Colleague: 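Quick one: the structure is below, and I'll ask about it shortly.
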Protein chains: 2
Amino acid sequence: MSSTAHRPPGALTGPEERRGPGRPTLEEVAALAGVGRGTVSRVINGSPRVSEKAKAAVEQAVAELGYVPNRAARTLVTSRTDAIALVVPEAETRLFSEPYFSDIISGVSAELADGDMQLLLVLVRNQRERDRLSAYLRAQRVDGVLLVAVHRDDPLPTVLEDLRIPSVLAGRRGDQEPLSYVAADNAGGARMAVRHLLRRGCHRIATITGPLDMEVAQARLGGYRAALEEAGRQYREELVGLADFTEQGGRAAMRELLARVPELDAVFCASDVLAAGALQELRAAGRRVPDDVALIGFDDSIVARHTDPAMTSVRQPIEEMGRTMARLLLEEIADPGRARRQVVLATELVVRESA
Amino acid sequence: MSSTAHRPPGALTGPEERRGPGRPTLEEVAALAGVGRGTVSRVINGSPRVSEKAKAAVEQAVAELGYVPNRAARTLVTSRTDAIALVVPEAETRLFSEPYFSDIISGVSAELADGDMQLLLVLVRNQRERDRLSAYLRAQRVDGVLLVAVHRDDPLPTVLEDLRIPSVLAGRRGDQEPLSYVAADNAGGARMAVRHLLRRGCHRIATITGPLDMEVAQARLGGYRAALEEAGRQYREELVGLADFTEQGGRAAMRELLARVPELDAVFCASDVLAAGALQELRAAGRRVPDDVALIGFDDSIVARHTDPAMTSVRQPIEEMGRTMARLLLEEIADPGRARRQVVLATELVVRESA
DNA sequence: TGTAACAGTGGGAGCGCTCCCATTTGCGGC
DNA sequence: GCCGCAAATGGGAGCGCTCCCACTGTTACA
């Protein structure tokens, strides 16, 4: 008696309890407003072919009853779901240790806030879940898909393409991406970073790049190269360190670079985490940052602000990317015939102490 | 003609196109299997009252047609939605800069992967969105709710309680939490940290705490106090610095502590970010860490691994918390009458260089 | 052989909505 | 005052499923 719930302790409650008074239906709203079902439906869905009088009566009734349309019933007949999925291949743990993921969500959610669209989160961590997702998509359980972190050979975008499901990628697979996407100007950001190093008077600028099957890594490397060449410097393979996007990767690549080109005086890293690893290695090798070696990261993630010295880094407008993705997707859902759209957002160099 | 889609460019396509061949329905499966709709439904839903023969025929037909049940139709009649919402009050940007949020999602998603439950992500960033969420919940659009980051006076848990919606909190509002929750052993973790400092021979151990309207902050402060008292030390107000969970907060609190108790030789911080701020301030004040002042954080977030010196910190099993939350919620949905459950998971001290 | 008891089954009803067609209403022009 | 057109409206049909009741066939027991 004195415990939490006020329910009778019995197992199966009566039918009264089971369905309660129930939420009001269209029919009830129609009755109260003194109009037909059709008219209520028109008002709810914002059709223009309703008289002011009827509209007012319906709105009054809706307010009075606290009517909220039953989504399932609507979906059943329209076969719209009013839901989109944000798909995250979880192999990308990289994403998870950075604000990237959260900022994307934040942006997407902000854009969706005003509409009535639900955001479904789908993590894919292995082949089984990939298959499930395909079945899921085929079953038309969402109106559209946002896909984060695409690798060059990721099969998912192809599935989306074949199924003709409206979709927007964060990033792209290559420079011939047929699907809609939103990307940061990775090449431009990298170029800015390297120009900054050049202006500082650095002569031997190395780079540590991410996995080259990802377009982001390619683009950042491309920007590095472009900046060197536009300054009349030669692009040299020996100055390029390869790594995955992990701290260990950064350390290992830095070690190799130091062994290969001991006289290097700057490193542009394709991510902050990479740069953090490189920083540790530089310190271990007795190099001072930025005095002996200048260092720039990419992402402007939380890590960049907490290293010592604080890291100069290239910022991408991640939340805005999220917002843009959501907007493009909604447009594509509204008009599936439209041409795919591709948006590249500007990056920005945040100068701190490391360069 | 040469453009992307193969659809005719006209506005409204014929009925053939609009509904296409359509996904197979229960009825079609029944026809192919040579049984009635009821029997197919029973097989799909795993009812035991079906003959082996019928079951086999249905399964064969399902496979052949690639049948997937229409969720909306099911929801319409059962008024189950097979969806749960993960609600995140976005004011907690704190969560977003740490892996916390991602790990929770990861855990929840792992637990959900096998079932057919959808995960909806709902960010709430202001009063308007709060109201929308309430309407949403009232409209029974989800079977249950996971709520992250609860403040003592958060109205949301109360709404959930009143609506009798199955729900599980991450953390609790106070020590008399009526709803189900999963929390880390914050007090225990704090106690471990302080004991560690005591063992190290520290004499003047200060703490920097988070906002005291959050139970986590209270609990960590409580653990600090308990460890001191069990060692026969006195708990002294002047050794307690108040902050929000930000880096600036940590810096400010550290500055005040140093002014008030210059001879302090250790600080236990209620979060890593706080500790990172404190670390900066200590360095600015010329104190060496850990030699002059030992420092411990909480969360074992990515920040802890990248400070210099690397931070000793209390780890919480966040992903497991996510998994447990999802499990408890599913159980509560399956049996709404059951008593609320509360789970506290152990924390662990990760010793690095700062203490 | 009659008769329960029961597992197994088919299919009607109905969930709450949108779509669409048939009907009603309003109104300007002759 | 009447006709015709357009705007506004009501409500039947039907989306694909589950629930449940009525029915069949089988088995066990008197």
Side-chain angles (χ1 to χ4, degrees), chain A residues 12 15 18-59 61-62 65-82 116 139-141 143, chain B residues 12-15 18-59 61-62 65-82 116 139-141 143:
Chain A
L12 289 164
R18 298 191 68 159
R19 198 157 277 288
R23 296 162 44 201
T25 69
L26 242 202
E27 196 95 42
E28 297 173 46
V29 174
L32 181 58
V35 299
R37 262 187 2 262
T39 301
V40 177
S41 178
R42 272 173 289 246
V43 173
I44 300 291
N45 293 292
S47 157
R49 355 202 99 281
V50 190
S51 67
E52 280 308 317
K53 186 160 152 269
K55 191 173 166 210
V58 169
E59 279 167 351
V62 164
L65 295 175
Y67 171 75
V68 181
N70 181 317
R71 228 185 174 92
R74 181 180 282 170
T75 296
L76 185 55
V77 35
T78 60
S79 60
R80 266 185 296 125
T81 60
D82 290 327
D116 199 27
Q140 300 182 29
R141 292 239 247 251
D143 293 343
Chain B
L12 290 165
T13 50
R18 299 193 69 160
R19 200 158 277 288
R23 297 163 42 202
T25 69
L26 242 202
E27 196 95 43
E28 298 172 44
V29 174
L32 181 59
V35 299
R37 260 182 9 259
T39 300
V40 177
S41 178
R42 271 174 288 243
V43 173
I44 300 290
N45 293 290
S47 156
R49 354 200 102 280
V50 190
S51 66
E52 280 309 317
K53 185 159 153 270
K55 191 173 166 211
V58 168
E59 279 167 352
V62 164
L65 295 174
Y67 171 75
V68 182
N70 181 317
R71 228 187 174 91
R74 180 180 283 170
T75 296
L76 186 55
V77 33
T78 60
S79 61
R80 266 184 298 124
T81 60
D82 290 327
D116 199 29
Q140 300 182 30
R141 293 239 247 252
D143 293 343

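Chain naming here is simple, since letters A, B, ... match the order of the sequence lines and numbering starts at 1 in each. Because the structure is a prediction, the values reported are computed rather than measured. Any value given below was found using the heavy atoms of this structure, including those in side chains, with hydrogens, waters and symmetry copies removed.
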Colleague: Name all residues meeting the side chain to side chain contact (heavy atoms under 4.5 Å, CB included) criterion together with A:Ala33; count only those two or more places apart in sequence or in a different chain, and write none if there are none.
Modeller: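 With neighbours one apart ignored, the set is A:Val35, A:Ala57, A:Val58, A:Ala61.
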Colleague: Which nucleotide, C:dC17, C:dT9, D:dG16, lies nearest any side-chain atom of B:Asn70?
Modeller: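 My answer, after comparing the listed nucleotides, is D:dG16.
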Colleague: Could you note down all residue pairs passing salt bridge (charged side-chain N to carboxylate O under 4.0 Å, His left out) where residues 43-52 of chain A supplies at least one of them, sequence neighbours left out?
Modeller: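 Counting only pairs at least two positions apart or across chains, no salt bridge (charged side-chain N to carboxylate O under 4.0 Å, His left out) contact touches residues 43-52 of chain A.
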Colleague: Just the rounded figure in Å: distance from P of C:dC21 to CZ of A:Arg49.
Modeller: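 Atom CZ in A:Arg49 sits about 15 Å away from atom P in C:dC21.
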Colleague: If you compare every side-chain N and O of B:Thr78 against the phosphate oxygens of C:dC15 (OP1, OP2), does one of them come in below 4.0 Å?
Modeller: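 No, B:Thr78 has no side-chain N/O under 4.0 Å of OP1/OP2 on C:dC15.
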Colleague: What's B:Ala72 touching, base or sugar-phosphate or nothing? Going by heavy atoms closer than 4.0 Å.
Modeller: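 If one applies the 4.0 Å heavy-atom cut-off, B:Ala72 turns out to touch nothing in the nucleic acid.
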Colleague: Mind checking salt bridge (charged side-chain N to carboxylate O under 4.0 Å, His left out) for A:Arg71 and listing every partner two or more places apart, or none if nothing turns up?
Modeller: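 A:Arg71: salt bridge (charged side-chain N to carboxylate O under 4.0 Å, His left out) contacts with A:Asp116.
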Colleague: Which residues pass the side chain to side chain donor-acceptor pair (under 3.5 Å) test with A:Asn70, not counting sequence neighbours?
Modeller: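 Partners of A:Asn70 by the side chain to side chain donor-acceptor pair (under 3.5 Å) criterion come out as none, since no residue qualifies.
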Colleague: For the helix from C:dT1-D:dA30 to C:dC30-D:dG1, what is the angle between the axes at its two ends, each from 5 pairs, rounded to 10°?
Modeller: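 Overall, the helix from C:dT1-D:dA30 to C:dC30-D:dG1 bends by 50° from one end axis to the other.
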Colleague: Write down the distance between CZ (A:Arg80) and C1' (C:dC17), rounded to a whole number of angstrom.
Modeller: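 Whole-Å distance recorded here is 11 Å.
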Colleague: Tell me: CD of A:Gln140 to P of D:dC15, nearest whole Å?
Modeller: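 Computing the A:Gln140:CD to D:dC15:P distance gives 15 Å.
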Colleague: CZ/A:Arg74 to CG/A:Asn45 distance, rounded to the nearest 0.5 angstrom?
Modeller: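 So the CZ of A:Arg74 and the CG of A:Asn45 are separated by 5.0 Å.
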Colleague: How many whole angstroms separate atom CD of B:Glu52 from atom P of C:dG8?
Modeller: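 Whole-Å distance recorded here is 9 Å.
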Colleague: Taking side chain to side chain contact (heavy atoms under 4.5 Å, CB included) as the test, write out the residues that go with B:Ala31, two or more places apart.
Modeller: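 Expected list: none.
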Colleague: Rounded to whole Å, how long is the line connecting atom CG of A:Leu76 with atom C1' of D:dG14?
Modeller: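 Between C1' of D:dG14 and CG of A:Leu76: 9 Å.
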Colleague: Taking the minimum atom-to-atom distance to the side chain of A:Leu26, which one of C:dG14, D:dT9, C:dT18 wins?
Modeller: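 Looking only at side-chain atoms, A:Leu26 lies closest to C:dT18.
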Colleague: Any heavy-atom pair between the side chains of B:Thr75 and B:Asp82 that's under 4.5 Å?
Modeller: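 Answer no - side chains too far apart.
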Colleague: Tell me every residue that passes side chain to side chain contact (heavy atoms under 4.5 Å, CB included) with A:Arg37, counting only those two or more places apart in sequence or in another chain.
Modeller: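 Per chain and number, A:Arg37 pairs via side chain to side chain contact (heavy atoms under 4.5 Å, CB included) with A:Glu27.
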Colleague: My understanding is that only residues two or more places apart in sequence, or in another chain, count here; which of them pass side chain to side chain donor-acceptor pair (under 3.5 Å) with A:Thr25?
Modeller: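 Once residues adjacent in sequence are excluded, A:Thr25 has no partner under the side chain to side chain donor-acceptor pair (under 3.5 Å) criterion.
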Colleague: What are the residues of residues 31-48 of chain A, sorted by number, that bring a heavy atom to within less than 4.0 Å of DNA chain C?
Modeller: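 Residues of residues 31-48 of chain A under 4.0 Å from DNA chain C: A:Arg37, A:Ser41, A:Arg42, A:Asn45.
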Colleague: In whole angstrom, give the distance that lies between atom CD of B:Glu27 and atom P of C:dG11.
Modeller: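 The answer, rounded to whole Å, is 9 Å.
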Colleague: With heavy atoms under 4.0 Å as the rule, sort A:Ala54 into base, sugar-phosphate or nothing.
Modeller: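 Sugar-phosphate only.
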Colleague: Measure from CD on A:Glu28 to P on C:dC15 and round the result to the nearest Å.
Modeller: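 Nearest whole value for this atom pair: 11 Å.
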Colleague: Between P on D:dG16 and CG on B:Leu65, what's the gap in Å once rounded to a whole number?
Modeller: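 Going from CG in B:Leu65 over to P in D:dG16 covers 14 Å.
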Colleague: Is the phosphate of C:dT9 approached by B:Ser51 (side-chain N or O, under 4.0 Å from OP1 or OP2)?
Modeller: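 Answer yes for this pair, as a side-chain N or O of B:Ser51 is under 4.0 Å from OP1 or OP2.
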